[in-house]
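Notes follow once the structure below has been shown.
Hydrogens, waters and symmetry mates play no part in the numbers below; they use all other heavy atoms, side chains included.
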Amino acid sequence: MMTRTRALALIALPIAVLMTADDARLRAQEPVGQMMASRSGIDLASMDQAADACSDFYQYACGGWVAKHPVPPDRPSYSRFSELQDRNNLILKDILEDAAKPTSGAELRKIGDYYSSCMDESGIEAKGRAPLAVDLARIAAIKSKADIPAVVGHMHTVGGTGFFSFGAQPDFKDASQYMLIYAQGGMGLPERDYYLKDDETSVNLRKAYAQHVTKMLQLGGDTPAQATAGAKAIMAIETSLAKGALDVVSLRNPTNIYHKMPRDDVKKLMPNFNMSQYLERAEAPPGDSANVSEPEFLKAVDQVIAATDLADLKSYMRWHVIHSNAAMLPKRFVDENFAFYEKTLQGAKELRARWKRCVDAVDSDLGEAVGKVYVDRTFGAEGKERTQEMVKGIEAALGSDIKEITWMSDETKKQAEIKLRGVANKIGYPERWRDYSSLRIVRGDAYGNSQRANVFAYRRQMAKIGKPVDKTEWQMTPPTVNAYYNPFENNINFPAGILQPPFFNKAADDAVNYGAAAAVVGHELTHGFDDQGRRFDAEGNMREWWTPADGKAFEERAACVANQYGGYTAVADVKVNGKLTLGENVADNGGLRLAWMALMEQMKAKQLAREDGLSPEQRFFVGWAQMWCENRSDESARLSAQTNPHSPGRYRTNGVVSNMPEFAKAFSCSANAKMVNQPVCRVW
């Protein structure tokens, strides 16, 4: 796994994305087959038309695709997102190979030099672990616990992951301004319950993790005995941190992770950690306050530092330096990192080809530089115009929906309408491209390039503290196959990378595109009114704008959705976490319903004919389902069930259509069919 660490603007409350990073991060393979042409734009080859749509609509719409697309050996999962990003990554590879040539212009040289350095495996091998020497020596020079804060501060500036997370974020209650945020972090397993659950799978994973840490410490220079003892200490430290951390469901509630306090009060949470020294070395700008998203976690960090031997704390810090930088170290580090994080934890069988990992690294570190070239090559005005037209239609549909719902009072409806009118949208790419001129890229220095890129990203975040939020900035790069809603800015964002088949197809008819692309628009717009988004107002401030009765009515309807999805099986005996996936499930259900309303409005002026043996209403639902075709390893499915706020593709399809009487009518389903939910769960 190519570990990329960033000081992100949104640490504690993630932007609401269509897919998580793990699902949408693509590992491009060789050229992928295009969708089978049809009159309407439906991918007929992906269907299993022998299946009963009313019994298992996912099988009906995706059965052909699932059968033909087993998980490739270099991945834990494969999906329609993967197909599209594969195609995008081949374009990026071509761009980067051209940029790496000596004849490339100055504008392309930076991305070319970064890519060339990443691809120079023989040069990386020749340097061995020497690039780690400076950071490891800094830890070795620690004489007492009083020296730790300064070293941790430096670690965070270069993308390190020790003890806690630190960065910039809009103030939850004054979203026009950035502020410092402290958040839980410093744990090498995916989330806190991996340390605390006592089932056999969790116990075995912890054993495998300890073995992995041992091997990485040895690769970093520890003797076998030192590494074994170090791994034991690291497990103890991280387990103690996990006990002070919030679980993934609790983290979803923004009221749980907003604790604005004077910076002097932050220091009181950690009396054994010289916070002034840390802030100075972490290059934090002056200011009066900060958000401590989980105060109990900082207390846990302080207690760990106080109670743990210095030698063990230094082992922990060495581990996180090695772990954070493994991607740009020799093959033995990369292979061991893969063996645990990709193979053991997620079920991948082979390491991805180097070029695939290096494309990801450039997109991560210089995403808008390479994205600018990508947009020039791929994104046309027609796609942007049709997307904008869909956005207008979806916003109008939500406006109608708000007016028509019976469970919300006029007082709350008025506030909801104000928020809806305040939603901005960004399509394709930034209005103003990021300036990377201060980022020094040196050909042949893969490790140094990565660290300098980390510093560049970190300093960009620190420079925002106390300044107005720039709502034109993007949190995703243009080639990304994803979309997101930002609650602090009240805007929906659609990178150029996703505005292609199967999500948006210029050759497809409106029925298909509304079932896919318009439903994605509706999904992101609904996030502004899901269990997280509803807590923020039109200006992006966390504020209770609901009456108590309306808030209770929302919670009752949301509970129906949580219970519905909580009954689905993710893999074997593991259920979908209905509370963890609630926001995405609400957005899926609301998004498709809004897209349906918008399509029906379109069809008042323009009737659509039956095509490919399907009515326009049927094509609409197939268009939705075919976005979610996927295959997963059992390991990946287990990881996703525990950490991923998105439901598996089967339930993103079946769970939604079973709540829409319009689907049952379109496919003539009987009242007792499996795809007819009784009672129907509906929020929006």
Ring pair (Phe, Tyr, Trp, His ring centres under 6.0 Å) for Y374 and F379? Distances and angles first, verdict last.
CA-CA 8 Å; Y374 168 85; F379 195 60; 8.6 Å; no

Under the side-chain contact (heavy atoms from CB on, under 4.5 Å) rule, what do V375 and W433 come out as? Steps first, then yes or no, please.
CA-CA 12 Å; V375 166; W433 295 100; 4.1 Å; yes

Test L608 against D510 for side-chain contact (heavy atoms from CB on, under 4.5 Å), laying out the working first.
CA-CA 8 Å; L608 299 176; D510 281 345; 4.2 Å; yes

Step-by-step side-chain contact (heavy atoms from CB on, under 4.5 Å) determination, D531 to V586
CA-CA 8 Å; D531 62 311; V586 167; 5.6 Å; no

CA sep, side-chain torsions, deciding dist, call: W65, E83, side chain to side chain donor-acceptor pair (under 3.5 Å)
CA-CA 11 Å; W65 190 96; E83 271 191 315; 3.1 Å; yes

Working note: N89 + D360, criterion side-chain contact (heavy atoms from CB on, under 4.5 Å); need CA distance, chi angles, decisive distance, verdict.
CA-CA 8 Å; N89 281 0; D360 280 355; 4.0 Å; yes

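Applying the ring pair (Phe, Tyr, Trp, His ring centres under 6.0 Å) definition to pairs two or more places apart or across chains, those involving residues 588-616 are W596-F620, W596-F621.
A side-chain donor from one of N677 and N659 sits under 3.5 Å from a side-chain acceptor of the other.
Under the 3.5 Å distance criterion, the side-chain polar atoms of K413 are matched with a main-chain donor or acceptor of I405. At least one donor-acceptor pair under 3.5 Å links the side chain of D550 to the backbone N or O of S409. Of the possible donor and acceptor atoms, one in the side chain of S38 sits under 3.5 Å from a partner among the backbone N and O of I42. Between the side chain of K419 and the backbone N or O of F536, at least one donor-acceptor pair lies under 3.5 Å. A donor-acceptor pair is defined here as one N or O able to donate and one able to accept, closer than 3.5 Å; no such pair exists between the side chain of N490 and the backbone of G540. With hydrogens and angles ignored, the 3.5 Å screen pairs a side-chain donor or acceptor of D612 with a backbone N or O of R39. Distance alone, capped at 3.5 Å, is enough to place a donor-acceptor pair between the Q678 side chain and the A671 backbone. Of the possible donor and acceptor atoms, none in the side chain of R252 sits under 3.5 Å from a partner among the backbone N and O of V248. Proximity of a side-chain donor or acceptor of N541 to a complementary backbone N or O of A175 within less than 3.5 Å is detected. In this structure a side-chain-to-backbone donor-acceptor pair under 3.5 Å is present from S633 to P76.
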List the atom pairs, with distances to 0.1 Å, where a side-chain N or O of residues 423-431 and a protein N or O form a donor-acceptor pair under 3.5 Å, not counting sequence neighbours.
from : atom 1 : to   : atom 2 : distance (Å)
K426 : NZ     : K471 : O      : 3.1
K426 : NZ     : E473 : O      : 2.6
K426 : NZ     : N493 : OD1    : 3.1

Contacts table for residues 513-526: side-chain donor-acceptor under 3.5 angstrom, sequence neighbours left out:
from : atom 1 : to   : atom 2 : distance (Å)
N513 : OD1    : N505 : N      : 3.0
N513 : ND2    : N505 : O      : 2.8
H523 : ND1    : D588 : OD1    : 2.8
H523 : NE2    : H527 : NE2    : 3.0
H523 : NE2    : E584 : OE1    : 3.0
E524 : OE1    : Y485 : N      : 3.1
E524 : OE2    : L18  : N      : 3.3
T526 : OG1    : G522 : O      : 2.7

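Ionic pairing of D86 and R75 is present here: one or more N-O contacts between side-chain nitrogen and carboxylate oxygen are shorter than 4.0 angstrom. Checked for salt-bridge contact, E601 and K604 meet the test: a charged N lies under 4.0 Å from a carboxylate O.
Note that CD of Q59 is 11.0 Å distant from CE of M47, once rounded to the nearest 0.5 Å. With rounding to the nearest 0.5 angstrom, the CG atom of L594 is 12.5 Å from the CG atom of L599. Taking CD1 from I91 and CD from Q85, the interatomic distance works out to 10.0 Å, rounded to the nearest 0.5 Å. Here the OG-CG distance, from S658 to N589, works out to 7.5 Å after rounding to the nearest 0.5 Å. Considering CG of L366 and NZ of K372, their distance stands at 13.5 Å, rounded to 0.5 Å. To the nearest 0.5 Å, atom OG of residue S647 and atom CD of residue Q564 are 9.0 Å apart.
Of all non-hydrogen atoms in F57 and A625, the two that sit nearest each other are CE2-CB, 3.7 Å. Among all heavy-atom pairs drawn from Y565 and N585, the shortest one is CG-ND2, 3.2 Å. When all heavy atoms of P648 and V576 are compared, the closest pair comes out as CD-CG2, 3.7 Å. Considering every non-hydrogen atom in both A496 and Q500, the closest pair reads O-NE2, 3.7 Å. Among all heavy-atom pairs drawn from I498 and A483, the shortest one is CD1-N, 4.4 Å. Nearest heavy atom pair, residue R652 against residue W624, reads O-NE1, 3.1 Å.
With sequence neighbours left out, the salt bridge (charged side-chain N to carboxylate O under 4.0 Å, His left out) criterion links R682 to D401. Every residue meeting the side chain to side chain contact (heavy atoms under 4.5 Å, CB included) condition with Q618, not counting sequence neighbours, appears here in chain and number order: R610, L614, S615, A666, F667. Under the rule for a side chain to side chain contact (heavy atoms under 4.5 Å, CB included), the partners of R377 that lie at least two apart in sequence or sit in another chain are D94, I95, D98, V373.
In this structure the side chain of F663 reaches within 4.5 angstrom of the side chain of C669, judged on heavy atoms. Between K93 and K356 there is no side-chain heavy-atom pair separated by less than 4.5 Å. Residues V571 and R632 are not in side-chain contact: their nearest non-hydrogen atoms beyond the backbone lie 4.5 Å or more apart. Counting heavy atoms from C-beta on, the side chains of R87 and T378 never come closer than 4.5 Å. Considering only heavy atoms from C-beta on, R543 comes within 4.5 Å of Q415 through its side chain. Between V17 and Q475, the closest side-chain pair of non-hydrogen atoms is not below 4.5 Å. Side-chain contact between P502 and Q626: absent, with no pair of heavy atoms (C-beta onward) separated by less than 4.5 Å. Contact annotation: the side chain of N654 approaches that of M675 to within less than 4.5 Å [non-hydrogen atoms, C-beta and beyond].
Results of the side-chain contact (heavy atoms from CB on, under 4.5 Å) test with W546 over K552, M408, E411 single out M408 as the only residue that passes.
Ring pair F494/F504: centre-to-centre distance not below 6.0 Å. For Y651 and Y58, the ring centers are positioned 6.0 Å apart or more.
In this pair, W545 and F529 present their aromatic rings perpendicular. The plane angle is above 60°, beyond the 30 to 60° band.
The neighbour count for E556 CD, taken as heavy atoms of other residues, nucleotides or ligands under 6.0 Å away, is above 12.
Cation-pi check for R650 over Y568 is not met; the charged atom does not lie both under 6.0 angstrom from the ring centroid and within 45 degrees of its normal.
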